[in-house]
Amino acid sequence: MKTVLVTGASSGIGAAISRYLSECGYYIVMVARDEEKLKSVAADLKDDCLIIPFDLQDLEHIEDIFKICEKKELKLDGMVHAAGINRDMPIRMNDIKAMEEVTAIHYYSFVELGKFFNKKKYSREGASIVAISSIASIHHDKGMCTYSAAKAALDVAVSVMSKEFLKRGQRVNAILPNLVRTPMVTDSPLMLSDYETRAEQQPLGIIEPIQIAYLAEFLLSDKASHITDAHIPVGGG
């Protein structure tokens, strides 16, 4: 049984990925801030899992996640970085603290997670990393300066990481979804105000989280054994 660490596992895309990977026979290490929400998602999983409540903004202690896995005698075969927050705002209302929070969750934490994931004591040769980026990293819209920049930085990290991790045969790829039906979208006032316009730009419809889970599982699996540094858009048309 392969073991995969999923960040942002308490809701949205991360929760969908956790559920689907469990159905496919993976052992899931679920990471998110809210322990109760993690437990709720864990109850839906096919098999047992490991819950690690952790705030990824605590960059100095990210290795603790991997130390817990090691203590449980779990060596990772994969990691999905699905954690994400959004603080949409016009530049005229920009808030530095919000910029720091968004960048920490999407970019800084991913680099730190990768740094420790790559260590031989924490992961296996040929392991796979999947970053959930966004179409916003390449298509920029009003109010999304910080979010788009953080996702663009994440894309760069994926490319650099994919080259550096080849020494261990580890692959690193990114998925770039357009509008996905998640709480991060439905709870965002700016997104909701422009929801119908954005939805019309996706002729195939708003993306369901399970569609991203299908692609993440493919990239984690041996079926994608020769794919690395791919940035795959899921645009909905």
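Throughout, numbering of the chain's residues begins at 1 and tracks the sequence.
Annotation: side chain of Ile129 is not in contact with side chain of Leu113 (no heavy-atom distance under 4.5 Å). For the pair Arg124 and Lys2, the minimum side-chain heavy-atom distance is 4.5 Å or more.
Within 6.0 Å of CE on Met1 lie more than 12 heavy atoms contributed by other residues, nucleotides or ligands. Atom NZ of Lys37 sits in a sparse spot, with 12 or fewer heavy atoms from other residues, nucleotides or ligands closer than 6.0 Å. Applying the 6.0 Å contact sphere to NZ of Lys72 captures no more than 12 heavy atoms from other residues, nucleotides or ligands. More than 12 heavy atoms of other residues, nucleotides or ligands lie within 6.0 Å of CD in Glu125, so this atom counts as buried by the packing criterion. No more than 12 heavy atoms of other residues, nucleotides or ligands shown are found within 6.0 angstrom of OH on Tyr108.
Checked for salt-bridge contact, Glu35 and Lys39 meet the test: a charged N lies under 4.0 Å from a carboxylate O. Salt-bridge annotation for Glu217 and Lys223: present, with a side-chain N of the basic residue lying under 4.0 Å from a carboxylate O of the acidic one. Between Glu70 and Lys67 no salt bridge is recorded (no basic side-chain N to carboxylate O distance below 4.0 Å).
For the 3.5 Å distance criterion, the side chains of Asp34 and Ser10 fail to qualify, holding no donor opposite an acceptor.
The aromatic rings of Phe116 and Phe66 sit tilted, their planes meeting at an angle between 30° and 60°.
Checking side-chain atoms of Thr103 against main-chain N and O of Ala150 turns up no donor-acceptor pair under 3.5 Å.
Taken to the nearest 0.5 Å, the CD1 atom of Ile52 stands 9.5 Å off from the CG atom of Asp64. One finds the OG atom of Ser123 at 13.0 Å from the CG atom of Leu74 (value rounded to the nearest 0.5 Å).
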